[in-house]
Undergrad: 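Sharing a structure, written as structure tokens. Questions coming.
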2 protein chains.
Amino acid sequence: MTGVEQIDRQIVRLLARNGRMSYTDLGKETGLSTSAVHQRVRRLEQRGIIKGYTAVLDYEALGLPLTAFVSIKPIDPSQPDDSPELLVDIPEIEACHSVAGDENYILKVRVASPSALEELLARIRAKANVSTRTIVVLSTPYEQRAPAI
Amino acid sequence: MTGVEQIDRQIVRLLARNGRMSYTDLGKETGLSTSAVHQRVRRLEQRGIIKGYTAVLDYEALGLPLTAFVSIKPIDPSQPDDSPELLVDIPEIEACHSVAGDENYILKVRVASPSALEELLARIRAKANVSTRTIVVLSTPYEQRAPAI
DNA sequence: GTTGAAAACCCCCCGAC
DNA sequence: GTCGGGGGGTTTTCAAC
């Protein structure tokens, strides 16, 4: 994997801020022609540097007002931990990070209510044979900000 | 805030999976005309349910291979905690969540190296007058998955 | 709220530099 | 790697149902 040059970084930054920006506008911002920008974006996509595009959502309005971070640890530490595979089909789990520290994984989950969280935690424990530690998010001042590149 | 109906939820789900999907394709998926889909998307944007669109990036390829969760707590708990405002101009901070529990906020940060993380933590402590606790991410099996709606 | 059509715009490919 | 052009598709608006 070779480096990503300055102009590509600018394109990436612009697309992180507005994933639907047109190639025409990207060209105006970067000083390149539409074709040149288009080709660069396609190469960024092919190289996997841009993995895709997504809508940024208001989860509260969508009926999932409760976010939490769930740290998990196997009940039986002698067994291999396949939690990511075991939990991948639980749609309430938005993200799964393997982490250093006392616990193996940190999950970010979104649910409709405290009771839905309770039920989800039971499901996670049962499926992956883990203990859970949960930190409830009260509010989110900011999220999904553009990268420092 | 009124409810979001079924067809709107489907549109949101599709745009979460592919933020650049055309209105034509959205119409084919939902069984609506292009115009009807377009109008619904615009209303979802105006209502703030769709806050925007963003590119999903490979941070490793972009030179930010190290992700961490940084929990922060004021040195002086008697003072009001304005950490989000104090830290908002630090671009390495991708997200800031106010949380229940022993600490006040959880930050998600992306940096180039361990030494860059060390320097960032010093900057966070100095700017917000907080103590920090850091959990380093080793790998991310999945992230930014489509919501369970 | 949905439809269908029309016009402007953009995407996308191609050849040339 | 970048530029410019052209055909085809898409976005966007609008009147009508």
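All chains are named by letter (A, B, ...) in the order of the sequence lines, taking the proteins before the strands, and each is independently numbered beginning at 1.
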Undergrad: Linking Ile, Leu, Val, Met, Phe, Trp and Tyr by side-chain heavy atoms under 4.5 Å, what else ends up with B:L86?
TA: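 None; B:L86 is a cluster of one.
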Undergrad: Report the hydrophobic cluster partners of B:V130, with the cluster defined as I, L, V, M, F, W, Y residues connected by side-chain heavy atoms closer than 4.5 angstrom, directly or transitively.
TA: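 Joined to B:V130, directly or through intermediates: A:Y142, B:L66, B:V70, B:I72, B:L87, B:V88, B:I90, B:I93, B:Y105, B:L107, B:V109, B:V111, B:L117, B:L120, B:L121, B:I124, B:V136.
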Undergrad: For residues 109-124 of chain B, which residue pairs pass the side-chain hydrogen bond (donor to acceptor under 3.5 Å, both in side chains) check, not counting sequence neighbours?
TA: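 For residues 109-124 of chain B: B:T67-B:R110, B:E92-B:R123, B:E94-B:R110, B:R110-B:E143, B:S113-B:S115, B:E119-B:R123.
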Undergrad: Side chains of A:L26 and A:L15, heavy atoms from C-beta outward: is any pair under 4.5 Å?
TA: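 A:L26 reaches A:L15 side chain to side chain.
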Undergrad: Using five base pairs at each end to define the local axes, how bent is the helix from C:dG1-D:dC17 to C:dC17-D:dG1, to the nearest 10°?
TA: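 One end's axis against the other's: 30°.
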Undergrad: Does a side-chain heavy-atom distance below 4.5 Å link A:N129 with A:P74?
TA: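 No, their side chains stay 4.5 Å or more apart.
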Undergrad: I need the residues from residues 28-43 of chain B with at least one non-hydrogen atom less than 4.0 Å from DNA chain C; give them sorted by number, or say none.
TA: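 Close to the strand are B:S33, B:S35, B:A36, B:Q39, B:R40, B:R43.
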Undergrad: In the hydrophobic clustering that connects Ile, Leu, Val, Met, Phe, Trp and Tyr at side-chain heavy-atom distances below 4.5 Å, which members other than B:V56 occupy its cluster, ordered by chain and number?
TA: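 ILVMFWY cluster around B:V56 holds nothing else.
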Undergrad: Please enumerate all residues that pass salt bridge (charged side-chain N to carboxylate O under 4.0 Å, His left out) together with B:R40, with sequence neighbours excluded.
TA: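 Partners of B:R40 by the salt bridge (charged side-chain N to carboxylate O under 4.0 Å, His left out) criterion, ordered by chain and then number, come out as B:E5, B:D8.
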Undergrad: Under 4.0 Å from a heavy atom of chain A: give me the 5'-most and 3'-most nucleotides of DNA chain D that qualify.
TA: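 Extent of the interface on DNA chain D: D:dG1 to D:dG5.
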Undergrad: Output every pair passing salt bridge (Lys or Arg N to Asp or Glu O under 4.0 Å) with a member in residues 74-86 of chain B, not counting sequence neighbours, ordered by first then second residue.
TA: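 Qualifying pairs: none.
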Undergrad: Identify, residue by residue, the members of residues 15-24 of chain B with a heavy atom below 4.0 Å from DNA chain C, and return them in order of residue number, or none.
TA: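 Under 4.0 Å from DNA chain C: no residue of residues 15-24 of chain B.
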Undergrad: Please collect all ring pair (Phe, Tyr, Trp, His ring centres under 6.0 Å) contacts where either partner lies in residues 51-74 of chain B, sequence neighbours excluded, each pair once.
TA: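 Listed by first then second residue: A:F69-B:F69, A:H97-B:F69.
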Undergrad: Which side-chain N or O atoms in residues 31-38 of chain B pair as donor and acceptor under 3.5 Å with protein atoms at least two apart or in another chain?
TA:
| unit_1 | atom_1 | unit_2 | atom_2 | d |
| --- | --- | --- | --- | --- |
| B:S33 | OG | B:A36 | N | 3.2 |

